[in-house]
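Bear in mind that the values here come from a model prediction, so they are computed numbers and not experimental data. The first residue in the sequence is number 1, and the count goes up from there. Below, each value reflects all heavy atoms present in this structure, side chains not excepted, and no hydrogens, waters or symmetry copies.
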Amino acid sequence: MALRGAKALQSWCQQVTEGYEDVKIENMTKSWRDGLAFCAIIHNYRPELIDFDTLAKENIRENNSLAFEVAERDLGIPALLDPEDMATMLIPDRLSILTYVSQYYNYFHGKSPGKVFFVFFC
């Protein structure tokens, strides 16, 4: 049986973020609080936009701010969440997370994960 709705979205997020250090999507609330999952999704498809290896789990406000700013500026995904709220709420609002993450899904679904290529000209 195929997954639908929130479970399907969560499954997609788990697949896209698999292998990213400190990212484990177990739910659509607390798993998103530190901002790393948002950054991992962006990095998976557009690695040139976020240097994931420089991020730290404890920098909740900064991670969320980075993800929301990059998503809005470079992907056209409006920032529906607030970095300050993510840092102060112990459990982020599930509906807000679902709504915001669904925009990532709509933007990236069907696209191949990104690869960074360097071209050198002499």
Side-chain angles (χ1 to χ4, degrees):
M1 177 182 282
L3 296 175
R4 301 179 64 95
K7 289 289 186 193
L9 184 61
Q10 182 174 328
S11 178
W12 175 79
C13 293
Q14 289 167 333
Q15 291 170 16
V16 169
T17 60
E18 185 177 352
Y20 279 88
E21 188 173 348
D22 290 327
V23 177
K24 185 166 181 162
I25 299 175
E26 299 175 332
N27 54 54
M28 297 304 281
T29 55
K30 291 191 275 187
S31 296
W32 297 88
R33 184 173 177 262
D34 63 22
L36 291 179
F38 298 116
C39 290
I41 293 173
I42 295 169
H43 182 266
N44 184 64
Y45 288 97
R46 298 285 307 274
E48 76 280 7
L49 296 179
I50 292 180
D51 186 358
F52 191 85
D53 294 332
T54 65
L55 304 178
K57 188 173 187 65
E58 60 274 4
N59 294 339
I60 297 170
R61 187 176 294 102
E62 294 82 358
N63 296 339
N64 281 292
S65 182
L66 175 64
F68 302 162
E69 288 172 13
V70 167
E72 188 159 26
R73 181 187 66 230
D74 296 303
L75 309 176
I77 298 173
L80 302 179
L81 302 173
D82 180 60
E84 187 67 31
D85 289 344
M86 296 298 281
T88 58
M89 291 189 307
L90 294 179
I91 302 175
D93 180 68
R94 183 174 185 268
L95 184 56
S96 297
I97 298 291
L98 286 169
T99 302
Y100 187 58
V101 173
S102 69
Q103 292 186 71
Y104 281 63
Y105 175 83
N106 289 333
Y107 183 86
F108 288 121
H109 183 69
K111 295 182 179 164
S112 297
K115 304 284 184 248
V116 177
F117 295 101
F118 294 97
V119 179
F120 295 95
F121 295 98
C122 296

What are the two closest heavy atoms between Cys13 and Ile41, and how far apart are they?
SG-CD1, 4.1 Å
Do Phe108 and Leu80 share a hydrophobic cluster, counting only Ile, Leu, Val, Met, Phe, Trp and Tyr and linking them when any side-chain heavy atoms are less than 4.5 Å apart?
yes
Here the ring pair (Phe, Tyr, Trp, His ring centres under 6.0 Å) pairs for residues 53-103, sequence neighbours left out, are Phe38-Phe68, Phe38-Tyr100, Phe68-Tyr100, Tyr100-Tyr104
Check Leu81 against Pro83 and note the closest heavy-atom contact, atom names and distance.
O-CD, 4.0 Å
Applying a strict under-4.5 Å side-chain criterion to I, L, V, M, F, W and Y, I'd like to know whether Tyr107 and Ile50 cluster together.
yes
Measure the spacing between CG of Asp93 and CE of Met86 and express it to the nearest 0.5 Å.
10.0 Å
Within the supplied structure, the quantity of interest is the number of heavy atoms (other residues, nucleotides, ligands) at a distance under 6.0 Å from Glu62 CD; does it exceed 12?
yes
Those residues that, when tested against Arg73, pass salt bridge (charged side-chain N to carboxylate O under 4.0 Å, His left out) (two or more places apart):
none
We want to know whether Ser65 and Glu69 form a side-chain donor-acceptor pair, criterion being a heavy-atom distance below 3.5 angstrom.
yes
Quick check against the 3.5 Å criterion: does Ser102 have a side-chain atom that pairs as donor or acceptor with the backbone of Thr99?
yes
Has Trp32 got a side-chain atom pairing as donor or acceptor with Asn27's backbone, closer than 3.5 angstrom?
yes
How about Tyr20 and Asn44: do any of their side-chain heavy atoms sit closer than 4.5 Å?
yes
Report the distance from atom CG of Asp22 to atom CG of Asn63, rounding to the nearest 0.5 Å.
10.0 Å
Side-chain touch Gln14/Glu18, heavy atoms, less than 4.5 angstrom
no
His43 side, atom NE2; Asp51 side, atom CG - distance, nearest 0.5 Å:
7.0 Å
Nearest-0.5 Å distance, CD1 of residue Ile42 to CD of residue Glu48:
11.0 Å
For the student: nearest non-hydrogen atoms of Asn64 and Asp34, plus distance
ND2-C, 3.8 Å
Which value, rounded to the nearest 0.5 Å, describes the distance between Lys7 atom NZ and Met28 atom CE?
10.0 Å
How close do Arg46 and Asp74 get, heavy atom to heavy atom, and via which atoms?
NH1-O, 4.3 Å
Tyr105 and Val16: CA distance, side-chain angles, deciding distance, side-chain contact (heavy atoms from CB on, under 4.5 Å) verdict:
CA-CA 10 Å; Tyr105 175 83; Val16 169; over 6 Å; no
Are any non-hydrogen side-chain atoms of Val23 and Phe52 less than 4.5 angstrom apart?
yes
Scanning both residues in full, the closest heavy-atom pair of Ile91 with Thr29 reads CG2-CB, 3.8 Å
Nearest heavy-atom approach of Glu72 to Pro78 is OE2-CA, 4.0 Å
Between the side chain of Arg33 and the main-chain N/O of Ile60, is any donor-acceptor distance below 3.5 Å?
no
Point-to-point distance, once rounded to the nearest 0.5 Å, from OG of Ser31 to CG of Leu36:
11.0 Å
Does the side chain of Leu66 come within less than 4.5 Å of Leu55's, by heavy atoms?
yes
Find out whether Glu84 and Arg61 are in side-chain contact, i.e. whether some heavy atom of one side chain is under 4.5 Å from a heavy atom of the other.
yes
